[in-house]
Amino acid sequence: FSADKEKKTGKRKSVTIFGYPLSIFFIVVNEFCERFSYYGMRAVLVLYFKYFLKWDDDFSTTIYHTFVALCYLTPILGAIIADSWLGKFKTIVYLSIVYAVGQVIMAVSAIHDITDGNKDGTPDNMTLHVALSMLGLLLIALGTGGIKPCVAAFGGDQFNEDQDKQRSTFFSIFYLSINAGSLLSTVITPILRAQKCGIHTQQQCYPLAFGVPAALMVVALVVFIVGSGMYNKTAPTGNIMVKVFKCISVSSSSTKKPVQKLIKKKNEQPNGEKLIFVKMVLKVLFLYIPLPMFWALFDQQGSRWTLQATTMDGNFVSFLLPTVNPILILIMVPVVDFIIYPLISKCKLNFTPLRRMTVGMFLAALAFVAAALVQLQIDATLPDFPSSTEQQAKFINMVDRPIDITAGNNTFQLETFQVGLYKSDQNHMYPYFKHFPETATWILFSNVFWLQFGDVVAKPEEGANAIRFFNSFGMVLNITVGEESFGNIISKNMSTYVDVPQGTAEFLIKNAAGNQCVFSREFGFGSSYTFIIPPTFTLEENCGQHIKEVEDIKANSIHMAWQIPQYFLMTSGEVVFSVTGLEFSYSQAPSNMKSVLQAGWLLTVAVGNIIVLIVAEAATLPDQWAEYVLFAALLVLVCIIFAIMAYFYTYIDPAKIEGKFANLEPEDEKKKNLEVTKKDMVENHNEKRRKSSNSSSDEEETSQTNF
């Protein structure tokens, strides 16, 4: 009997430790490594788009959310492949190989040296890097999405029917491994990216930031395969989602009938029980319609909010900020479950699951209002660069007396080493300036002797500081900072800009005779300065006191810590919305259709990311804060619609309904059983008559009498 049961269920006797199958160890380790790989790569993805591929913020956001949407669309494909064709084990193995190949391709695409023929630090064939990146992301989306619905379910298959408690503990450990992988990766990969690497030129190390997640994905695959001999592998039995879709067309014709009436009329149509269960699922899926708007805001933590942080002062939290969300989740889930909800219950408030989800959506909207307020403060500190129809001139007075400047209709006076800024529409600019760049710096040595140099035209990238020197000393000077060099700067000439990182920078200044001095300066994030070496400069110990500075762009002054409130509100909304939503969905679905709701839930995430693409492309708002307010307003509107839908929703108990079906004996079934009984009686009677024809007449008479 045991052998037949094992053959029928596909389960084998597994090695256990403390009552748990040893095979789940390999599954948990696999999930940890896979989540580290995915979230680690995603933590620096939008920065890779912006700073390596040189895409603007809008296009980087578009591609990022397209990728995330694909990651949440492919689980449906993975579930169908696993249940209908390959089985969970083979699906996980094959798609993990695809996943690992995609991660490796991403790491290779970030190596700038492979196309840097002239060794200047800039790839000569950016098209190749873009093509490799897109191929890698496509394979990753197929891999991570395809295995998403399989791994947890495969872990559950390792337990016997009498191991409910162990199975429940496994899912808790499984969820913990997901958060642990996410938390560690969002700390480690930004640190890896900040390292310098390269063969010819040292740059931000995106190959390392993508390479480590790729290595973890290979480890995940190897660990999973090593445990192959210990797994219980169930054969594919057909995908429930495919069956559900076949039933939807039939059940849609009676969607207005209450479930209780359908129970009574179960036998009026074929597969009545399945149709009623499908109707229960459709009621929940209908409530899913407004939910993508929440995810449209939630997933912008990895795109818009990350880009917002690049314009802020990221001193001590620059690497810790991405971890705010997973840390807050670990803290707030028990706080909400064991403190907040019980307090609300004691206040006699009926805080139903759908009401909780409504509150979660509202908190997410508040998070974007907070992001808009932060953005307004950031915008006040950003430089006001001239538009395509404007021109800007900056004047620096090097004369030891005041100079009057007339530009267009404006006249102003500059003191010695004072800076004057003039910006005007090109049609009203002083005619002489029209022949020069849109943004320029003019060094004034007298009323008639001017020198013009191109000015910085954008905020320095990645928090660096754009620094240059103007040499008005009487000889050539060579200036270096760390491994970067400004070159030999001849008298009355300007160096090129050099990016200097945040912190204390020491500039080594020396002349052709070998005399030198060190000029030290503390820098923040994202500033730009022009340092002027005056004619009175001397190469002595305190040479820095003679150097004059002109601030071209102010440093980022709004600290990244101001993003914590918006992260707190968004995480609070996630805990109330997402956790409750999954709990509600499972409580309202039949036991054999919970995977359908899981697929539907993941689909709302995909649609939410598609909404970001549509709004970002269609809105074309000039200010980022206005886009944040737009998303917040849309979510509030959707929140109101969802609240109305929730008000008319009637909660059901699927277990009770399933129990009714188990105990229900339809009239048709009774009639069928009666007909079978009558038929059997007639057949028995005829059989006895045939036997009696060969017997004696007395026996025949007795037999007929007895009948």
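In this text the structure is predicted, and so the values were computed from the model without any measurement.
- Annotation for Tyr288: atom OH counts as buried by contact number, over 12 foreign heavy atoms lying within 6.0 Å.
- Annotation: side chain of Gln166 is not in contact with side chain of Asn160 (no heavy-atom distance under 4.5 Å).
- Note on Asp299 versus Arg304: no salt bridge recorded, every NZ/NE/NH1/NH2 to OD/OE distance being 4.0 Å or above.
- The minimum heavy-atom distance linking Phe32 with Ala180 is given by the pair CE1-C, 3.8 Å.
- For Gln308, the side-chain hydrogen bond (donor to acceptor under 3.5 Å, both in side chains) partners two or more places apart in sequence, or in a different chain, are Gln375, Gln563, Gln566.
- More than 12 heavy atoms of other shown residues, nucleotides or ligands fall within 6.0 angstrom of atom OH in Tyr651.
- Within the cation-pi definition used here (under 6.0 Å to the ring centroid, within 45° of the axis), Arg193 does not qualify as a partner of Tyr48.
- Pairing each heavy atom of Ala643 with each of Thr358, the nearest pair is CB-CG2, 4.1 Å.
- Of the possible polar contacts, none joining the Glu34 side chain to the Ala220 backbone as a donor-acceptor pair under 3.5 Å is found.
- Ring geometry for Phe170 against Phe159 counts as tilted: the plane angle lies between 30° and 60°, on a 0 to 90° scale.
- A side-chain donor-acceptor contact under 3.5 Å links Thr604 to the backbone of Trp601.
- Ser182 approaches Thr186 most closely through the heavy-atom pair O-OG1, 2.9 Å.
- For the residue pair Ser37 and Pro213, the shortest heavy atom distance occurs at OG-O, 2.8 Å.
- Side-chain N or O atoms of Thr189 include none that pairs as donor or acceptor with a backbone N or O of Met41 at under 3.5 Å.
- Inspection of the Ser228 and Lys233 side chains reveals an N or O donor paired with an N or O acceptor under 3.5 Å.
- Heavy atoms from other residues, nucleotides or ligands lying under 6.0 Å from CZ of Phe642 number more than 12.
- Taking the six-membered ring for Trp, Trp305 and Phe368 have ring centres closer than 6.0 Å.
- The closest donor-acceptor contact from the side chain of Ser177 to the backbone of Phe174 lies under 3.5 Å.
- Environment of CZ in Phe568: sparse, with no more than 12 heavy atoms of neighbouring residues, nucleotides or ligands closer than 6.0 Å.
- Here the closest non-hydrogen pair linking Ile24 and Gly155 is CG2-O, 4.4 Å.
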Go through Phe584 and Tyr649 one step at a time and tell me if the ring pair (Phe, Tyr, Trp, His ring centres under 6.0 Å) criterion holds.
CA-CA 12 Å; Phe584 164 78; Tyr649 180 81; 5.5 Å; yes
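- Here the side chain of His65 pairs no donor or acceptor atom with the backbone of Leu613 at under 3.5 angstrom.
- Asn232 approaches Gln158 most closely through the heavy-atom pair N-OE1, 2.8 Å.
- No side-chain heavy atom of Val219 sits less than 4.5 Å from a side-chain heavy atom of Phe224.
- Aromatic ring orientation, Tyr231 versus Phe26: perpendicular (interplanar angle above 60°, classes split at 30° and 60°).
- For the 3.5 Å distance criterion, the side chains of Gln300 and Tyr628 fail to qualify, holding no donor opposite an acceptor.
- For Tyr72, there are no side-chain hydrogen bond (donor to acceptor under 3.5 Å, both in side chains) partners, not counting sequence neighbours.
- In terms of modelled atom types and a separation under 3.5 Å, the side chain of Thr66 and the main chain of Thr62 share a donor-acceptor contact.
- Phe154 does not carry Lys88 over the face of its six-membered ring by the limits of under 6.0 Å from the centre and within 45° of the normal.
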